[in-house]
There are 2 protein chains.
Amino acid sequence: MSAQAILRNCGIQPTPQRIAVVNFVLNTTSHPSADDVLECVRKECPTISRATVYNTLNLLVEKRLLRTQVLREGTIVFDPNIELHHHFIDEESGKIYDISWDAVQITCGTSLRDFEIREMQVVMKGRRRKGK
Amino acid sequence: MSAQAILRNCGIQPTPQRIAVVNFVLNTTSHPSADDVLECVRKECPTISRATVYNTLNLLVEKRLLRTQVLREGTIVFDPNIELHHHFIDEESGKIYDISWDAVQITCGTSLRDFEIREMQVVMKGRRRKGK
DNA sequence: AGATTTGTCTTGACAATGTCTAAATCCATA
DNA sequence: TATGGATTTAGACATTGTCAAGACAAATCT
């Protein structure tokens, strides 16, 4: 689906700036920060301002097209994968990988009865093995 | 053990500022940020500077008396619990609770064979039930 | 077309977090 | 008491994120 259609579908007026943000951020698995998005989108749309990028990202989060994740020091990252899933952080490169929900089995014991768990995820750190 | 002894044990010269930081941060379960620490320590030691707090916390992390955790937006928090454990974040209050390692059972499937996992934790969010 | 309204975008100010440097201070030892 | 090394402080700086004011554009109304 085109970025335009996506935006229209959730009642956001498509503008060149918003389309550029959507095209980048909904088609990446790199878990970018807002400033990563700014940097990349400026290649397409050199005049876009920081405030517009922040506003658009926040709009997309509000409309559930994106989720924020607290995984990197000092900044929020954006993730277009809105299904339940886990994350793996490569400690060398800093890259964040999505791990499918089914890759891990979690069982909570009774000692958690005082906690009403509304969401959870496993955060793993280590090194991604080189593909052979 | 006294803060002095703890510091001396890892080869850090005990100073009043460092002792004040240690006394607070190694005896809390509140997962404070550096500025939380600054604020609290200033009650004891009103002239301590931000740089000293940051330096001391980083020293303690280096010496493995503390660990950093990426759990709050925009800031790192410090955790004196250096055992393996999980975290629960109360979405109302923002409070972070330690969850013992044994409270959760995790089994990783074979789809993770490309990832060399060096550490992991479950991050849960929700509401802590009121104690009755 | 011209004027108005509405929404969007940009710029710059602001606050918070964290690092760094230079200068002041402290302290142990000779 | 004097000296030298370590520690602390204050302030500068960069980064992330929010906000407000004005500029701008597009659609609507007369």
Side-chain angles (χ1 to χ4, degrees), chain A residues 3-4 6-8 10-25 30-42 44-63 66-79 94 96, chain B residues 3-4 6-8 10-25 30-42 44-63 66-79 94 96:
Chain A
Q4 257 203 28
I6 292 171
L7 286 167
R8 235 188 281 276
C10 27
I12 304 175
Q13 272 195 39
T15 66
Q17 290 89 343
R18 286 170 176 170
I19 289 170
V21 170
V22 164
N23 272 333
F24 173 65
V25 83
S30 70
H31 302 79
S33 69
D35 282 296
D36 294 335
V37 176
L38 177 60
E39 198 185 327
C40 274
V41 166
R42 278 234 164 115
E44 295 286 313
C45 187
T47 69
I48 197 173
S49 69
R50 230 156 57 89
T52 297
V53 170
Y54 275 88
N55 286 337
T56 304
L57 290 170
N58 288 338
L59 256 181
L60 297 175
V61 169
E62 225 174 81
K63 300 298 187 181
L66 268 189
R67 299 218 30 190
T68 57
Q69 296 281 352
V70 176
L71 292 169
R72 285 227 284 254
E73 299 186 4
T75 183
I76 286 175
V77 303
F78 294 88
D79 191 345
I96 299 168
Chain B
Q4 257 202 29
I6 291 171
L7 286 167
R8 235 188 281 277
C10 25
I12 304 176
Q13 272 196 41
T15 66
Q17 290 88 342
R18 286 169 175 170
I19 290 171
V21 169
V22 164
N23 273 333
F24 172 65
V25 83
S30 70
H31 302 80
S33 70
D35 282 296
D36 293 337
V37 176
L38 177 61
E39 197 185 328
C40 274
V41 167
R42 278 234 164 112
E44 295 288 314
C45 187
T47 69
I48 197 172
S49 70
R50 231 154 58 87
T52 296
V53 170
Y54 274 89
N55 287 338
T56 305
L57 290 170
N58 289 338
L59 257 180
L60 297 176
V61 169
E62 223 174 84
K63 300 298 187 182
L66 267 189
R67 298 217 33 189
T68 57
Q69 296 281 352
V70 176
L71 293 170
R72 284 225 285 252
E73 298 186 6
T75 184
I76 286 175
V77 303
F78 294 88
D79 190 346
I96 299 168

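Everything quoted here is computed from the prediction, not taken from an experiment. What you see below is based on every heavy atom in this structure, not just the backbone, and it leaves out hydrogens, waters and symmetry mates. In what follows, every chain begins at residue 1, and chains take the letters A, B, ... in the order their sequences are listed.
For the pair A/Tyr54 OH and C/dG12 P, the interatomic distance rounds to 18 Å; values are reported in whole Å. For the pair B/Ile19 CD1 and D/dT7 C1', the interatomic distance rounds to 13 Å; values are reported in whole Å. For B/Leu59 and D/dT8, the CG to P distance is 9 Å, given to the nearest whole Å. The distance from atom CG of B/Asp35 to atom P of C/dA15 is 15 Å, rounded to the nearest whole Å. Separating the CD1 atom of B/Ile76 from the P atom of D/dT15 is a distance of 17 Å, rounded to the nearest angstrom. Per the geometry, CZ belonging to A/Arg42 stands 14 Å off P belonging to C/dC9, to the nearest Å. For the pair B/Arg18 CZ and D/dA6 P, the computed distance is 11 Å after rounding to whole Å.
Closest approach to the B/Arg50 side chain among C/dT17, D/dT8, D/dG17 is made by C/dT17 (side chain taken as heavy atoms from C-beta onward). Distance from the side chain of B/Ala51 is smallest to C/dC20 among C/dT11, C/dC20, D/dT16. The listed nucleotides are C/dG7, D/dT9, C/dC9; the one nearest the side chain of B/Thr52 is D/dT9. The side chain of B/Ile48 has D/dT9 as its nearest neighbour among D/dT9, C/dT10, D/dG17. Looking at the side chain of B/Gln17, the nearest of the listed nucleotides C/dA13, D/dT9, C/dT17 is D/dT9.
Here B/Asn58 reaches the OP1 or OP2 of C/dT19: one of its side-chain N or O atoms lies under 4.0 Å away. In terms of phosphate contacts, B/Thr47 brings no side-chain nitrogen or oxygen within less than 4.0 Å of OP1 or OP2 of D/dT8. For B/Arg72 and C/dT17, the shortest distance from a side-chain N or O to OP1 or OP2 is not below 4.0 Å.
Defined by atom type and a distance below 3.5 Å, a donor-acceptor pair is present between the side-chain atoms of B/Asp36 and B/Ser33.
Each of A/Leu57, A/Val61, A/Asp79, A/Asn58 was checked for a side chain to side chain contact (heavy atoms under 4.5 Å, CB included) with A/Thr68, and the lone residue meeting it is A/Val61. When each of A/Val53, A/Thr56, A/Val37 is paired with A/Ile48, the side chain to side chain contact (heavy atoms under 4.5 Å, CB included) condition holds for A/Val53 and for no other.
At the heavy-atom level, A/Glu73 lies nowhere under 4.0 Å from the strands shown. Residue contacts shown for A/Thr75 are limited to sugar-phosphate atoms, with no base heavy atom under 4.0 Å away. At a threshold of 4.0 angstrom between heavy atoms, the contacts of A/Ser33 with the nucleic acid are absent.
A/Arg67 CZ: 12 or fewer foreign heavy atoms inside a 6.0 Å radius.
Between the CD1 atom in A/Ile12 and the CD atom in A/Glu62 there is a gap of 8.0 Å [rounded to 0.5 Å].
Residues B/Gln13 and B/Phe78 both approach DNA chain C. Their nearest nucleotides, taken by heavy-atom distance, put B/Phe78 toward the 5′ side.
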